[in-house]
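Lettering follows sequence order; numbering is per chain, from 1.
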Amino acid sequence: MSVTQTDQPRDTAQDTVWVQDVSFIDSIPRSVAMTFVLLVFIGSWQMATSLGLVSPIILPTPLETLQDMIFVGKNLLTGGYMLEALWITLKEVFYGFALAIFLGFTLGVLVGETAFGEKAVMPYLVAIDTMPKVAFAPLFVAWLGFGIESKVALAAFIATFPIVVGTAAGLHAADENARMLFKTMGASRMQTLIKMKLPTGLPQIFTGLKIGAVGVMAGAITGEFLGGGKGFGELIRIAASQLNTPRVFSLILYLSLVGLALYVLVTWTQRKVVFWHKERVGAHDG
Amino acid sequence: MNSAIATQAHSGAQLGAPVYELSNVSKTYARNQVVALDDVSLTLRKSSFSSVIGSSGCGKSTLLKIMAGLIPPTSGRVVLQDRPVTGPRRDIGMMFQHATLFPWRTAVENIVLPIEIRDGRAAAKKALEKAHELLDIVGLKGFENVYPNELSGGMAQRASICRMLITEPAVLLLDEPFSALDELSRDMMNMELQRICREQHATAFLVTHSIQEAVILSDHIYVMKPRPGRLAEIVEVDLPRPRTLDMMTTPKFGAIVDYIRGLLDKGEDM
Ligand SMILES: Nc1ncnc2c1ncn2[C@@H]1O[C@H](COP(=O)(O)OP(=O)(O)OP(=O)(O)O)[C@@H](O)[C@H]1O
Ligand SMILES: [Mg+2]
């Protein structure tokens, strides 16, 4: 009697269906959660300014900022002086990044491939990489003047190091099995580099490129702050000196869009090139 | 030891001509002065299947790497098909514990990689047809254009067999090729390996930790002893060919397994 009972599946849903625990937070889509945080942020910002907790000279209201963004947007779209400034900054970022990619990749391969580079050059590169590199800005201005060159140089200088380090690390990512396999196939050093070590190291190389993309923006703007010129950084500096904080905010937001676009471009390229390497956005599945 | 050498000479008469000849091969790793191999001599004959078995660290992989021309011996001679081995050779096919397929290449592109490296892209393209045939042989038809991260461990190892075979090597050097697989797939892969070796008339040399695996596959089993690594005995397996998995239950199979286990246990006391 008792035996037949235990053999029968009990028919209450709770016992037969195994329901995975889903917490409330897990059930919210990422986009909704992010919008929520943004609204809370703008809400507190509006509160802080409209209640007079912060002086409007220090912090403009969200509405003022939005109005100024529309103004700046119009100027950009109609080809005004701000578009010219943006164009200059874009050029600095583009040339700086291109230079950094070329230098970073070349140096990274030399350092990662040769025992001498690894032993004697790499420690210096790591040491310089830990330095606050923007501190070199006045030097670049002194060397290259107030034109676009000093900004390109600073941007490239900042972005080169993460690319070198990423490339060199990437070339060491291949495991012993892969190396041994290439050896058994009688591969030359060049073949091993191109057909095995570089593809294996692409995820690290792209990590370096992403850090470099952030650095190249910082470099260009810092260069403009310290070295003058006619770029977007100069517009920010002027607006700040006139205590036009809504303008500063809106210019920074536009600049962030440029930085974001660059980052997205690198990430998109990575997805296309390193198609086999699945990278997750956050720590949680989402 | 003497009787072992006699056995080898006896069975050698039945099999083909010598393919691999190692004489007095020793290896001391300079880095840590470990004597990994001490005075190893052996002869592999055409179309024979031999295994080497011994405790971990006794020098099996070192022996295989020297035979493959991946590392030089400290002293001694390695001759393959009448030419001394002084580096990697195209008549040697090698397989390791890990399949090591490259994730940016499809299965078939991974298989023609050795051709691409040796003879260039054009030759690799011509070899595609043969790669398809090999995939068919190992039961991977339909997976030609699949990327490795969609293959199971056993399927990946099959693909790596194809990569080894595409250059039509005269000898196959196998370093625990299936030890990462579960027992069922492993048995299947072993039978597959036997069939491939028969069809290709390949000479095979297998490193393994499994006595059963060694016995079911081999004509000769080289038992190694550690510190310093050396050949202690050569056991001949005279089970009929082709071997089947059923043979693993026969008394004869059991007796050979027990005998080798006895040799290995003795080695541990030393
Ligand atoms: N590159 C190396 N440098 C220095 N010593 C080494 C090197 N490779 C192996 N050895 C040493 O040589 C000895 C034999 O190593 P080997 O890898 O040939 O053993 P093995 O029989 O293949 O072991 P396992 O069954 O665990 O794979 C070990 O004592 C090991 O520490
Ligand atoms: Mg080993």
For a side-chain contact (heavy atoms from CB on, under 4.5 Å) with Ile163(A), tell me which candidate from Ile211(A), Leu209(A), Thr207(A) qualifies.
Leu209(A)
Distance, nearest 0.5 Å, that separates OG1 of Thr167(A) from CD1 of Ile205(A):
4.5 Å
May I ask you to check whether over 12 heavy atoms, not counting those of Met180(A), lie within 6.0 Å of atom CE?
yes
Single hit among Leu172(B), Leu173(B), Val171(B), Ile166(B) for side-chain contact (heavy atoms from CB on, under 4.5 Å) with Pro169(B)
Leu172(B)
Look at atom CZ of Phe143(B) and say whether more than 12 heavy atoms of other residues, nucleotides or ligands are closer to it than 6.0 Å.
no
Pull out the residues in residues 92-113 of chain A that come under 4.5 Å of chain B, heavy atom to heavy atom, sorted by number.
none
Taken to the nearest 0.5 Å, the spacing of Leu86(A) CG from Phe232(A) CZ works out to 5.0 Å
Measuring from Leu262(A):CG to Met217(A):CE, what's the distance to the nearest 0.5 Å?
7.5 Å
With rounding to the nearest 0.5 angstrom, report the CZ to CG distance, Phe41(A) to Leu38(A).
8.0 Å
Is there a ring-ring contact (aromatic ring centres under 6.0 Å, His included) between Phe182(A) and Phe102(B)? Walk through the geometry before answering.
CA-CA 11 Å; Phe182(A) 264 68; Phe102(B) 296 102; 5.5 Å; yes
How about the chain A/chain B donor-acceptor pairs under 3.5 Å, what are they, with distances?
{"from": "Lys183(A)", "atom 1": "NZ", "to": "Leu70(B)", "atom 2": "O", "distance (Å)": "3.1"}
{"from": "Thr184(A)", "atom 1": "O", "to": "Arg118(B)", "atom 2": "NH2", "distance (Å)": "3.2"}
{"from": "Met185(A)", "atom 1": "O", "to": "Arg118(B)", "atom 2": "NE", "distance (Å)": "3.1"}
{"from": "Gln191(A)", "atom 1": "NE2", "to": "Ile117(B)", "atom 2": "O", "distance (Å)": "2.8"}
{"from": "Lys195(A)", "atom 1": "NZ", "to": "Glu116(B)", "atom 2": "OE2", "distance (Å)": "2.6"}

